Amino acid sequence: MNVRDSEQVAQQMVDGGYTVVAQEKQADVILYNTCSVRDMAEQRAIDRISSLRGLKKKNPRLIVGVMGCMAQSRKDELLEQLLDVDLVIGTQKFHETVGHIEHLQRARSSNLPQEKIVAVGEESGSQNTIKDHVLTPKQSSAFVSIMQGCNMHCTYCIVPSTRGEERSRPIAEIVTEVENLADRGIKEVTLLGQIVNLYGRHEFEKVDGQSPFVQLLRAVSSVPGINRVRFTSPHPIGFRKDLIEAIRDVPQLCEHVHLPLQSGSNRILNAMHRGYTAEKYLELVNQLRSNIPQVAISTDIIVGFPGETKEDFAASKAMIAAADFDQAFIFRYSPRRDTPAAEMSDQIDEEIKMTRNQELLAALDEVVARKSIKLVGTEQEILVEGESKNNLRRFQGRTRGNHLVMVEANERWRGELLPVRITETTGFTYYAVPVLAEFD
Ligand code: SAH
Ligand code: SF4
């Protein structure tokens, strides 16, 4: 979601006559978009911004802005903590960025006293402002933000306070955005929201037993030129039959569901305010697998939530094999400001969190090693993204199930859908050769 918001601001800056440069030292304006979900992300942003001291000394006209969740939660406090920051832009004010920068630049060129701006108010309709895209040549995949905010209030989570109330964009506007992307060569879109399956529940009606989200998925999938549609993240609550059937029946909808579990212990799930039990979660996983046999399921799990006992942790570990996950992201619980869990008395030691994190990763490796072997020898379609991060002689792409695949690089394949046969796996990475002679 932050990547997407940054793209929007970048496009706005370009429209405003600015140019994107490669390095901070060439820039007149530096904007940092920030995440607050875990403390580590905030610390990293603070370190990066603090390291601008030298640049700011050399170029007193340099404007430094902080945007996003950290800006939203810390507001003016950021100006006191980070003296080089000139501009603080909250999560509902991205569209004001250029205006504020122009104002600050005017003030600087007329040598007025150094002014600073903090824009962190609520803005109704701000969810409709994240809609423009800067695309790179041969880019084939894009994110589309369909809603903002979250009303769930999981007790560990800062998102409801940094992103505000849940609110959705109209289906027609999203479809127009996707049509424009398809015209510019995009083949795959990923619809983004905090709980995408609750999309539009306050704004739009069900039609023929289909939720607004399923209506949206079907509309986006029928846009000519769009071969693949993904979404992230759904919540196990409200993941109903109409959605399972859509994934099963709509050819463009990829067979991959990222379904955050958070914990395998019902006691902890309850304390987290998640609204489901481990049994309910497994029931949903089983329904997905029985309706969509090739579906890949990934998840998020938090270790070390306050009060998590050995038994609670064992229940999370047991879920990895029980749900037969294809991928999982494990997070150490990080206390966040103004959240109920941060105030709970029975906080867990960092060392225990680390051990539990390692233990879950080892359990995941085992399941994934067993599952990944089954893909070897199969034919898959990948969407080639471009060079592999580790080896420029290779291209990387994703299967419909979101498995990461490496093939030998060939410029003709960049941005294309390529049928391949999987030849090898290391667990999370696969190696493949193209199948069709026409791609030689
Ligand atoms: N809206 C999404 C999640 C957004 S945050 C959902 O509910 O599925 C992404 C992930 O960060 C969460 O799934 C959770 O596993 C993790 N997370 C959120 N708050 C956290 C915290 N305080 N400490 C550690 N991990 C956290
Ligand atoms: Fe945070 Fe829970 Fe909302 Fe996800 S559903 S954004 S974890 S409060």
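Remember, predicted model here, so these are calculated numbers, not experimental data. By convention here, the first residue in the shown sequence is residue 1. Atoms within each ligand, like the ligands themselves, are counted from 1 in listed order. Only heavy atoms go into these numbers, but all of them, side chains included; no hydrogens, no water, no symmetry mates.
Atom 1 (Fe) of ligand 2 lies at 2.8 Å or more from every N, O or S atom belonging to His153. Within the 2.8 Å limit, Cys154 places at least one N, O or S atom next to atom 2 (Fe) of ligand 2.
Atom 1 (Fe) of ligand 2 has its closest protein heavy atom at Cys157 SG, 2.3 Å. Nearest non-hydrogen protein atom to atom 10 (C) of ligand 1 is Asp300 OD2, 3.5 Å. In terms of protein heavy-atom proximity, atom 19 (N) of ligand 1 is nearest to Tyr156 CD1, 3.3 Å. The closest protein non-hydrogen atom to atom 6 (S) of ligand 2 is Gln194 OE1, 3.5 Å. Nearest non-hydrogen protein atom to atom 7 (S) of ligand 2 is Tyr156 OH, 3.3 Å. Looking from atom 3 (Fe) of ligand 2 to the surrounding protein, the closest heavy atom is Cys150 SG, 2.3 Å. With hydrogens left out, the protein atom closest to atom 11 (O) of ligand 1 is Arg38 NH1, 3.0 Å, a heavy atom. At the shortest separation from atom 2 (C) of ligand 1 among protein heavy atoms lies Gln194 O, 3.5 Å. Looking only at protein heavy atoms, the nearest one to atom 7 (O) of ligand 1 is Arg274 NH1, 3.5 Å.
Both the backbone and the side chain of Ser334 come within contact range of ligand 1, each with a heavy atom under 4.0 Å. The parts of Val37 lying near ligand 1 are both backbone and side chain, judged by heavy-atom distances below 4.0 Å. Contacts of Ser233 with ligand 2, taken as heavy-atom pairs under 4.0 Å, are absent altogether.
Ring planes of His235 and Tyr276: perpendicular class, angle over 60° (limits at 30 and 60°). Between Phe239 and Phe231, the ring planes lie tilted relative to each other; the angle falls in the 30° to 60° range.
Using 4.0 Å as the threshold, Arg274 has a heavy atom nearer than that to some atom of ligand 2. By the 4.0 Å heavy-atom criterion, Arg332 is counted among the residues contacting ligand 1.
Taking 4.0 Å as the cut-off between side-chain N and carboxylate O, Arg44 and Asp39 do not count as a salt-bridged pair. A salt bridge between Arg201 and Glu166 is present, with a side-chain N of the basic residue lying under 4.0 Å from a carboxylate O of the acidic one. The pair Glu42-Arg74 counts as a salt bridge, with a side-chain nitrogen and a carboxylate oxygen less than 4.0 angstrom apart.
Judged by the 6.0 Å distance and 45° axis criteria, Arg38 is positioned over the aromatic ring of Phe331.
Counting only N and O atoms by type, the side chains of Ser126 and Arg167 include a donor and acceptor under 3.5 Å apart. Of the N and O atoms on the side chains of Gln127 and Arg169, not one donor lies less than 3.5 Å from an acceptor on the other residue. Between the side chains of Gln380 and Thr378, at least one donor-acceptor pair of N or O atoms lies under 3.5 Å. Between the side chains of His258 and Thr232, not a single donor N or O lies within less than 3.5 Å of an accepting N or O.
Judged by distance alone, with hydrogens and angles left aside, the side-chain atoms of Asp242 form no donor-acceptor pair with the main-chain N or O of Val214 at under 3.5 Å.
Remark: ligand 1 atoms within the under-4.0 Å shell around heavy atoms of Pro260 are 8 (O). Residue Pro160 approaches ligand 2 through these ligand atoms, each under 4.0 Å from one of its heavy atoms: 8 (S). If you number the atoms of ligand 1 from 1 as listed, the ones under 4.0 Å from a heavy atom of Arg336 come out as 22 (N). Against a heavy-atom cut-off of under 4.0 Å, Gln262 is close to the following atoms of ligand 1: 12 (C), 13 (O), 14 (C), 15 (O). Interface atoms of ligand 1 facing Ile302, defined by a heavy-atom separation under 4.0 Å, are 14 (C), 15 (O), 17 (N), 25 (N), 26 (C). Shown in contact with Val159 at under 4.0 Å from a heavy atom are these atoms of ligand 2, numbered in order with element: 6 (S). Atoms of ligand 2 lying under 4.0 Å from at least one heavy atom of Ile195, given by number and element, are 5 (S).
One finds the CG atom of Leu288 at 5.0 Å from the CD1 atom of Ile297 (value rounded to the nearest 0.5 Å). Remark: Glu96 CD to Leu87 CG distance equals 10.0 Å, nearest 0.5 Å. Rounding to the nearest 0.5 angstrom, the gap separating the CD1 atom in Ile268 from the OG1 atom in Thr309 is 6.5 Å.
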